[in-house]
A.B. asks: 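One structure, pasted below without further comment.
Order of appearance sets the numbers: ligands from 1, and atoms from 1 within every ligand.
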Amino acid sequence: MSLEVLKQLDGPIVLVGAGKMGGALLEGWLGLGIEPARLVVLDPNLNPEAAKALADKGVSANPAYDAIPHAAVLILAVKPQVAPAVIASIRGIVGPKSVVVSIMAGRTIGFMQEALPRGAAIVRTIPNTPAAIGKGITVAVANAAVSPEARAATSALLGTVGPVEWVESESLIDAATAVSGSGPAYVFLLAEALAKAGAAAGLPADLADRLARATVSGAGALLEQSGIDPAILRQNVTSPGGTTAAALAVLMDEAKGFGPLLTQAVAEATHRSRELAG
Ligand SMILES: NC(=O)C1=CN([C@@H]2O[C@H](COP(=O)(O)OP(=O)(O)OC[C@H]3O[C@@H](n4cnc5c(N)ncnc54)[C@H](OP(=O)(O)O)[C@@H]3O)[C@@H](O)[C@H]2O)C=CC1
Ligand SMILES: O=C(O)[C@@H]1CCC=N1
């Protein structure tokens, strides 16, 4: 269904910035059936091999700006700090029917309305890197200029790499950035820390790495596939008076455990997202 919507778009899908997040979206799109010929990638950092690999697939990589027709969808995937200069350079690709989809942390719809042509349709989103394997999740908010068709195109494009959660209030995006945008890093840190803790408990380091990796990915897959509440899945591991209960007494400490630590971390990330508004 979503690929059908994308086939009917009038104009290219232009990705501005193919770094870690833009690259993850691109990987997901190409892996999940978006026609390469619909895609234009703009990124001065693309090395010649990457540009050639994209060209071999049929993606237009770094064409001259004035050769690019008005985008159907233009995705802004550059760092928030360079947004003013980058938006100034791509204004000519934004036409009356384009929808501009920002994935930049912090940068507000108000900022983008000032920088883009008057009346531009803008969607502010926050995706995450599991999009590279079609397991992302995106939170999105639209400005008043976004038509139902533009919203459908955005949903279709981002929906190829995971669910899209539309919200009405832009202020929710900062907290969503802190939870799902940055969240994969917290999970990877858990894998790193678990491996180090295993080595400290006497396991050979390479075995500890394999155990931690398989445990984090296996638990994630179980959470996804079972649909069971995470608290129940946790209880299913926890035998009364057993080893897990001994560990959870530390991790669930009301003052120093995961709960207060993550609450503090998410609050700090939310605050930083607001600062990045500029
Ligand atoms: N990484 C993540 O998990 C997530 C990131 N985001 C957001 O995505 C955006 C990109 O982040 P991330 O991918 O991590 O950062 P990266 O630095 O990896 O990617 C940004 C890319 O944009 C390139 N770039 C710089 N200037 C231009 C330009 N004028 N035109 C086109 N491309 C340009 C950069 O090149 P160069 O390196 O040469 O500057 C780089 O390749 C940020 O705004 C971030 O907040 C959102 C959700 C998750
Ligand atoms: O760290 C960042 O600022 C970006 C936004 C969410 C994930 N990475």
A.B. asks: Return the closest protein heavy atom for atom 5 (C) of ligand 1 as residue, atom name and distance.
C.D. replies: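 Ranked first by proximity to atom 5 (C) of ligand 1 is Met21 CB, 3.5 Å.
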
A.B. asks: Let me confirm one number: the CG-CH2 distance from Leu6 to Trp29, rounded to the nearest 0.5 Å.
C.D. replies: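 The distance works out to 9.5 Å.
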
A.B. asks: Does the distance from a Lys or Arg side-chain N to an Asp or Glu carboxylate O, for Lys135 and Glu224, drop under 4.0 Å?
C.D. replies: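 A salt bridge is present here (some side-chain N lies under 4.0 Å from a carboxylate O).
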
A.B. asks: Note the single closest protein heavy atom to atom 1 (O) of ligand 2, along with its residue, its atom name and the distance in Å.
C.D. replies: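 Of every protein heavy atom, Ser182 OG, 4.5 Å lies nearest to atom 1 (O) of ligand 2.
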
A.B. asks: Could you list which atoms of ligand 1 come closer than 4.0 Å to a heavy atom of Ala77?
C.D. replies: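 With Ala77 as reference, the close atoms of ligand 1 come out as 9 (C), 10 (C), 20 (C).
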
A.B. asks: Would you confirm whether any non-hydrogen atom of the protein falls under 4.0 Å from atom 35 (O) of ligand 1?
C.D. replies: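 Given the 4.0 Å limit, the answer for atom 35 (O) of ligand 1 is yes, a protein heavy atom qualifies.
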
A.B. asks: Output the list of atoms in ligand 1 that are nearer than 4.0 Å to some heavy atom of Val16, sorted by atom number.
C.D. replies: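 Once the distances to Val16 are compared, the set is 30 (N), 31 (C).
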
A.B. asks: When only distance counts, is Ala105 in polar contact with ligand 1, meaning an N/O pair under 3.5 Å?
C.D. replies: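 Yes; the residue has a nitrogen or oxygen that sits under 3.5 Å from a nitrogen or oxygen of the ligand.
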
A.B. asks: Ignoring hydrogens and angles, tell me if any N or O in the side chain of Asp209 forms a donor-acceptor pair with the backbone of Ala195 under 3.5 Å.
C.D. replies: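 Not confirmed, Asp209 side chain does not pair with Ala195 backbone.
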
A.B. asks: By number and element, which atoms of ligand 1 are closer than 4.0 Å to a non-hydrogen atom of Ile103?
C.D. replies: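 So the answer, numbered in order with elements, is 6 (N), 7 (C), 8 (O), 46 (C).
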
A.B. asks: Identify the closest protein heavy atom to atom 19 (O) of ligand 1: which residue and atom is it, and at what distance?
C.D. replies: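 Looking at atom 19 (O) of ligand 1, the protein heavy atom closest to it is Gly19 CA, 3.2 Å.
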
A.B. asks: Check whether more than 12 heavy atoms from other residues, nucleotides or ligands sit under 6.0 Å from atom OH of Tyr186, and answer yes or no.
C.D. replies: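 Result for OH/Tyr186: enclosed.
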
A.B. asks: May I ask you to decide whether Glu49 forms a salt bridge with Lys52, counting only side-chain N to carboxylate O separations under 4.0 Å?
C.D. replies: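 Here Glu49 does not pair with Lys52 in a salt bridge, since their nearest N and O are not under 4.0 Å apart.
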
A.B. asks: For Asp10, does the CG atom sit with more than 12 other heavy atoms under 6.0 Å from it, leaving out its own atoms?
C.D. replies: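 No - once you tally the heavy atoms of other residues, nucleotides and ligands closer than 6.0 Å, there are 12 at most.
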
A.B. asks: Run the contact test for Ser89 against ligand 1 with a 4.0 Å cut-off on heavy atoms, strictly below, and give the result.
C.D. replies: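 False for this residue.
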
A.B. asks: For ligand 1, which atoms, with element, lie under 4.0 Å from some heavy atom of Lys79?
C.D. replies: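 Close to Lys79: 15 (O), 16 (P), 17 (O), 42 (C), 43 (O).
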
A.B. asks: For residues 67-88, which residue pairs pass the side-chain hydrogen bond (donor to acceptor under 3.5 Å, both in side chains) check, not counting sequence neighbours?
C.D. replies: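 Every pair satisfying side-chain hydrogen bond (donor to acceptor under 3.5 Å, both in side chains) with a residue in residues 67-88: there are none.
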
A.B. asks: Enumerate the atoms of ligand 2 whose separation from the nearest heavy atom of Ala105 is less than 4.0 angstrom.
C.D. replies: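 The list of qualifying atoms is 5 (C).
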
A.B. asks: Which residue and atom name correspond to the protein heavy atom nearest atom 29 (N) of ligand 1, and how close is it?
C.D. replies: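 Protein heavy atom with the smallest distance to atom 29 (N) of ligand 1: Val86 CG2, 3.4 Å.
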
A.B. asks: Using a 4.0 Å cut-off to any heavy atom of Gly181, which atoms of ligand 2 qualify?
C.D. replies: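 Counting from 1, the qualifying ligand atoms are 6 (C), 7 (C).
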
A.B. asks: Out of all atoms in ligand 1, which are within 4.0 Å of some heavy atom of Leu42? Include the element for each.
C.D. replies: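 What qualifies from ligand 1 is 31 (C), 32 (N).
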
A.B. asks: Side chain of Ser147, backbone of Ala150: donor and acceptor closer than 3.5 Å?
C.D. replies: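 Pair found, side chain donor or acceptor close to backbone of Ala150.
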
A.B. asks: Determine if the distance from atom 7 (C) of ligand 2 to the closest protein heavy atom is below 4.0 Å.
C.D. replies: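 Neighbour list for atom 7 (C) of ligand 2 includes protein heavy atoms (cut-off 4.0 Å).
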
A.B. asks: Does anything in residues 172-183 pair up under side-chain hydrogen bond (donor to acceptor under 3.5 Å, both in side chains), and if so which pairs, sequence neighbours excluded?
C.D. replies: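 Qualifying pairs, neighbours excluded: Arg124-Asp174, Asp174-Ser273.
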
A.B. asks: Is it true that atom CZ of Arg213 has more than 12 heavy atoms of other residues, nucleotides or ligands lying nearer than 6.0 Å?
C.D. replies: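 No, the 6.0 Å shell around CZ holds no more than 12 heavy atoms from other groups.
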
A.B. asks: For atom 30 (N) of ligand 1, what is the closest protein heavy atom, and at what distance to 0.1 Å?
C.D. replies: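 Of the protein heavy atoms, Pro44 CD, 3.6 Å lies nearest.
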
A.B. asks: May I ask which of Asp43, Leu276, Val78, Ile126 has a heavy atom nearer to atom 40 (C) of ligand 1 than the others do?
C.D. replies: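 The option holding the nearest heavy atom is Asp43.
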
